[in-house]
**Q** 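This is the structure I want to talk about, given as structure tokens.
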Protein chains: 2
Amino acid sequence: MTTIGDIAKLAGVAKSTVSRYLNDGSVSEATKRKIQHIIKETGYTPNAFAQSLKAKKTNIIGTIVPRLDSYASSRTLIGIDEELKTMNYQMLISHSNLDLEREIENIHSLVTQKVAGIILLATEITDRHISIIKEVDIPVLIVGQQHKEIHSLIHNDYEAAYEVGKYVMSQGHKRIAFLGANEKNVAIGIDRKEGFKKSIEEAVDIDVRFFETNRNTLDSVSIVYDIIDTFCPSIIVCATDNLAIETMKAVYSKGISIPNDLSITGFGGYEMAEMIHPGLTTAKFFYKDAGNLAARKMLSLIRGEDTPMKTVSGFEIIYRESVRKV
Amino acid sequence: MTTIGDIAKLAGVAKSTVSRYLNDGSVSEATKRKIQHIIKETGYTPNAFAQSLKAKKTNIIGTIVPRLDSYASSRTLIGIDEELKTMNYQMLISHSNLDLEREIENIHSLVTQKVAGIILLATEITDRHISIIKEVDIPVLIVGQQHKEIHSLIHNDYEAAYEVGKYVMSQGHKRIAFLGANEKNVAIGIDRKEGFKKSIEEAVDIDVRFFETNRNTLDSVSIVYDIIDTFCPSIIVCATDNLAIETMKAVYSKGISIPNDLSITGFGGYEMAEMIHPGLTTAKFFYKDAGNLAARKMLSLIRGEDTPMKTVSGFEIIYRESVRKV
DNA sequence: CTGAAAGCGCTTACAG
DNA sequence: CTGAAAGCGCTTACAG
């Protein structure tokens, strides 16, 4: 292992000069070239531990992800990683397994590891989150949820749901079931529902009913059976793509055809929404782009630049075959 | 930030004693209690950089993942992380984005970061992989592929494919299409095909044809149309679940019904295979368990224990509605 | 622009 | 069982 001392000796300069070359760079052109050459030759890379020990900061951004096996999370992480790399930062992932307790522990342990900042892919923001985030002295950015006291990056759940609602009505649907998710997840459980509600506000002559699951996926098919038996809608608007795909399955199992007898929509724009048959009409969010954005926002937070508390990432409605015009 | 020096002062002992308490622990009961108490009170956690700088090793296991947004990868990572935590190790993920060049760079950069070992979720093992893995002086474990010169953990692709083949024939299928994946991925492209071939060796009166895509998913629907038009099988055995799901879609688009007119099977046991309609018959691999196993295997490699070069993780055939008895 | 020196928070022989 | 001291590989005032 070559150290900064070896480089210095080979270049005939002091360690501090090599260090300066590596950092601020107030070094003469001649020595610069000499050092550069030697570093290339030896394949020297600075010891990150020594750097961090001395500099008391790292170029590591910690991320906390509730579920590694979720399309939205993975895509967001890919976006964060991609952007961080270009800025010479590194991403460290910690997995909370949907456990809010563990999420808080993870914040602590990332702080102990002296990460430069934390990006939390959030599901639910509790008071304990708020207080620990404020108490910690590195920037924390939440993605997917918002809170007025914390920097956040959200998807435009509200607008997306509004557009979905408008589209559904434009297709002539009058008996509409909205299958929502648990309200503890504000973005998915509440914002999507409220955006949808807004869209039907001025509609006349329609019948809308709201249903809710305990999670972002189906707890049991019985809720779908219930919706069909008691309400008999022409369309079910589901709050997530996974929910929509599971609903489709439950619908089929009753011998009902999609979209001929019943239409379905989702939210998310997961890869699967396109792969299945019929293709799922959905509001697509740009998870990877949001990840890029989050990384950039984190960097400006670290640099102490003036950064808006809330950033909103876009969406696009994808029209596929799961919705029929009535 | 409290340091080991603060603890020492408060406890009235030397730093080395505190350090000893933290490590080997040859400390008297009395001082042990004293130190323990102070550590608890101050919430002291050792500075990981200083530790690593001095000890020249870390308790970090680097993982290299080709795609973060793949079910198999995510579940494996969850398994690795889970197990590593119980052994007081930490997982560091680096993403290669399916780029073999980057995979090799990642190995280098993990080594630079002094990780204790590397787990590579492999897709393709090239000669350059072999040589860099041998040249590096920390243990490297590949998961998902095998190579006789490297420690590996594989899924039982061969046996699983054999069982799938046997099952398909037990259901009376005689015109069978096998839709394989790119052979560069040996586990998926070759082992699954060979296992399947083995199962049909002694079958009489059947007609089997082999097709191949360039990736693990469908490049275009035309290959499915081709299979149907030129061969007209009663079942298509697909080398991955994603391939099977996309094939189902292509099949539907021709107005063909599954499984009435055509049966489909996959490999993987992805969450989606269950969520779609009809449910996909598939060989399920235990990705999370494999991750657990990989972590344990890595630890015994680090400890220099005697470890078999190759470990094989199990599988289970899941029977769902996508296959019909003819 | 450059170098000598101190120090970041630990660990590890060594001596007692 | 315990402590003093050296040193891991860097960075950063300070002085020139």
Side-chain angles (χ1 to χ4, degrees), chain A residues 1-39 42-60 88 90 109-116 137-138, chain B residues 1-39 42-60 88 90 109-116 137-138:
Chain A
M1 209 58 219
T2 64
T3 71
I4 200 173
D6 301 330
I7 303 298
K9 205 169 297 167
L10 288 168
V13 298
K15 289 189 297 176
S16 36
T17 304
V18 179
S19 175
R20 239 176 273 116
Y21 165 82
L22 257 20
N23 298 294
D24 36 50
S26 116
V27 181
S28 76
E29 272 308 317
T31 42
K32 220 178 251 184
R33 264 196 300 280
K34 219 170 9 178
I35 295 175
Q36 185 176 38
H37 178 242
I38 306 228
I39 286 183
T42 54
Y44 165 73
T45 47
N47 180 314
F49 300 121
Q51 284 183 310
S52 305
L53 175 58
K54 195 61 218 185
K56 304 214 160 193
K57 64 176 179 169
T58 62
N59 61 341
I60 299 172
N88 264 310
Q90 217 203 345
S109 92
L110 288 172
V111 170
T112 306
Q113 284 178 79
K114 306 268 188 301
V115 298
D137 59 352
I138 55 174
Chain B
M1 208 61 221
T2 64
T3 71
I4 200 172
D6 302 331
I7 303 298
K9 207 170 295 168
L10 287 168
V13 297
K15 290 189 296 176
S16 37
T17 305
V18 179
S19 176
R20 236 174 275 118
Y21 165 82
L22 257 18
N23 297 294
D24 35 49
S26 117
V27 182
S28 77
E29 272 308 319
T31 41
K32 220 178 249 180
R33 264 195 300 279
K34 217 169 10 177
I35 295 175
Q36 186 176 37
H37 178 243
I38 305 224
I39 286 184
T42 53
Y44 166 74
T45 48
N47 180 315
F49 301 120
Q51 284 183 311
S52 304
L53 175 59
K54 196 60 220 190
K56 304 215 159 192
K57 63 171 184 175
T58 62
N59 61 341
I60 299 172
N88 262 311
Q90 217 202 346
S109 92
L110 288 172
V111 169
T112 306
Q113 285 178 78
K114 307 268 188 300
V115 298
D137 59 352
I138 57 173

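Every heavy atom of this structure was used, including side-chain atoms; hydrogens, water molecules and symmetry mates were not. In the text below, chain A, chain B and the rest are named by the order of the sequence lines, each starting its count at 1.
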**Q** Is it the case that atom NZ in K32(A) sees more than 12 heavy atoms from other parts of the structure closer than 6.0 Å?
**A** yes

**Q** What contact category does Y21(A) fall into here, base, sugar-phosphate, or nothing, at under 4.0 angstrom with non-hydrogen atoms?
**A** nothing

**Q** Reckon T3(B) touches a base, only the sugar-phosphate, or nothing at all at heavy-atom distances under 4.0 Å?
**A** sugar-phosphate

**Q** To the nearest Å, how far apart are I7(A) CD1 and dT11(D) C1'?
**A**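 It works out to 16 Å between those atoms.
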
**Q** Nearest-Å distance, CD (Q113(A)) to P (dG9(C))?
**A**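 Computing the Q113(A):CD to dG9(C):P distance gives 17 Å.
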
**Q** Considering every strand shown, what is the Watson-Crick or G-U wobble mate of dA4(D) when both distances are under 3.5 Å?
**A** none

**Q** Closest approach to the side chain of A14(A), judged atom by atom: which nucleotide of dG9(C), dA4(C), dC10(D) is it?
**A** dA4(C)

**Q** Please report the distance, rounded to the nearest Å, between CZ in R20(B) and P in dA13(C).
**A** 12 Å

**Q** Name the closest nucleotide to the T31(A) side chain, picking from dC10(C), dG3(D), dT2(C).
**A** dT2(C)

**Q** Between K32(A) and K15(A), name the one whose nearest nucleotide on DNA chain C is closer to the 5' end.
**A**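 This one resolves to K32(A).
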
**Q** Between C1' on dG9(D) and CD1 on I39(A), what's the gap in Å once rounded to a whole number?
**A**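 Rounding to the nearest Å, CD1 of I39(A) and C1' of dG9(D) are 14 Å apart.
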
**Q** Between N59(B) and N88(B), is there a donor-acceptor pair closer than 3.5 Å when you use the side chain of the first and the backbone of the second?
**A**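 Side chain of N59(B) to backbone of N88(B), a donor-acceptor pair under 3.5 Å: yes, one is there.
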
**Q** Strictly below 4.0 Å: does N23(B) bring a side-chain N or O up to OP1 or OP2 of dT11(C)?
**A**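 So the side-chain polar atoms of N23(B) do come within 4.0 Å of the phosphate oxygens OP1 or OP2 of dT11(C), strictly under.
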
**Q** Could you check whether S52(B) gets within reach of a base, just the sugar-phosphate, or nothing at all, counting any heavy atom under 4.0 Å?
**A** nothing

**Q** Look at all strands and tell whether S26(B) reaches a base, only sugar-phosphate, or nothing, counting heavy atoms closer than 4.0 Å.
**A**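 Base contact.
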
**Q** Classify the side chain of S16(A) versus the base of dA5(C) as yes if they form a donor-acceptor pair under 3.5 Å and no if they do not.
**A**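 Per atom types, no contact qualifies.
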
**Q** Scan S19(A) against the nucleic acid and name what it touches under 4.0 Å (heavy atoms): base, sugar-phosphate only, or nothing.
**A** base

**Q** Heavy atoms from C-beta onward define the side chain here; which of dC1(C), dA4(C), dC8(D) lies closest to that of S28(A)?
**A**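 Given the options dC1(C), dA4(C), dC8(D), the side chain of S28(A) is closest to dC1(C).
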
**Q** Report the residue (L53(B) or G12(B)) whose heavy-atom-nearest nucleotide on DNA chain D is the more 5′ of the two.
**A**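 The residue mapped nearer the 5' terminus is G12(B).
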
**Q** Whole angstrom is fine here: how far is it from CD in E29(B) over to C1' in dT2(D)?
**A**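 Going from CD in E29(B) over to C1' in dT2(D) covers 15 Å.
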
**Q** Could you please name the option among dT2(D), dT11(D), dC10(C) that lies closest to any side-chain atom of Q51(B)?
**A** dC10(C)

**Q** Could you grab the distance from atom OG1 of T31(A) to atom CD of Q36(A), nearest 0.5 Å is fine?
**A** 11.0 Å

**Q** Against Y44(B), only a single residue in I35(B), I38(B), L22(B), L10(B) fulfils side chain to side chain contact (heavy atoms under 4.5 Å, CB included); can you say which?
**A** L22(B)

**Q** Rounded to whole Å, how long is the line connecting atom NZ of K54(A) with atom P of dA6(C)?
**A**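 Taking atom P of dA6(C) as the reference, NZ of K54(A) is at 12 Å.
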
**Q** Between S52(B) and F49(B), is there a donor-acceptor pair closer than 3.5 Å when you use the side chain of the first and the backbone of the second?
**A**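 Absent.
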
**Q** How many whole angstroms separate atom CG of L22(B) from atom C1' of dT12(C)?
**A** 14 Å

**Q** Please round to the nearest 0.5 Å and tell me the distance separating atom OG of S19(B) and atom CD of Q51(B).
**A** 8.0 Å

**Q** Between atom NZ in K34(B) and atom P in dT2(D), what is the gap in whole Å?
**A**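 These atoms are roughly 8 Å apart.
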
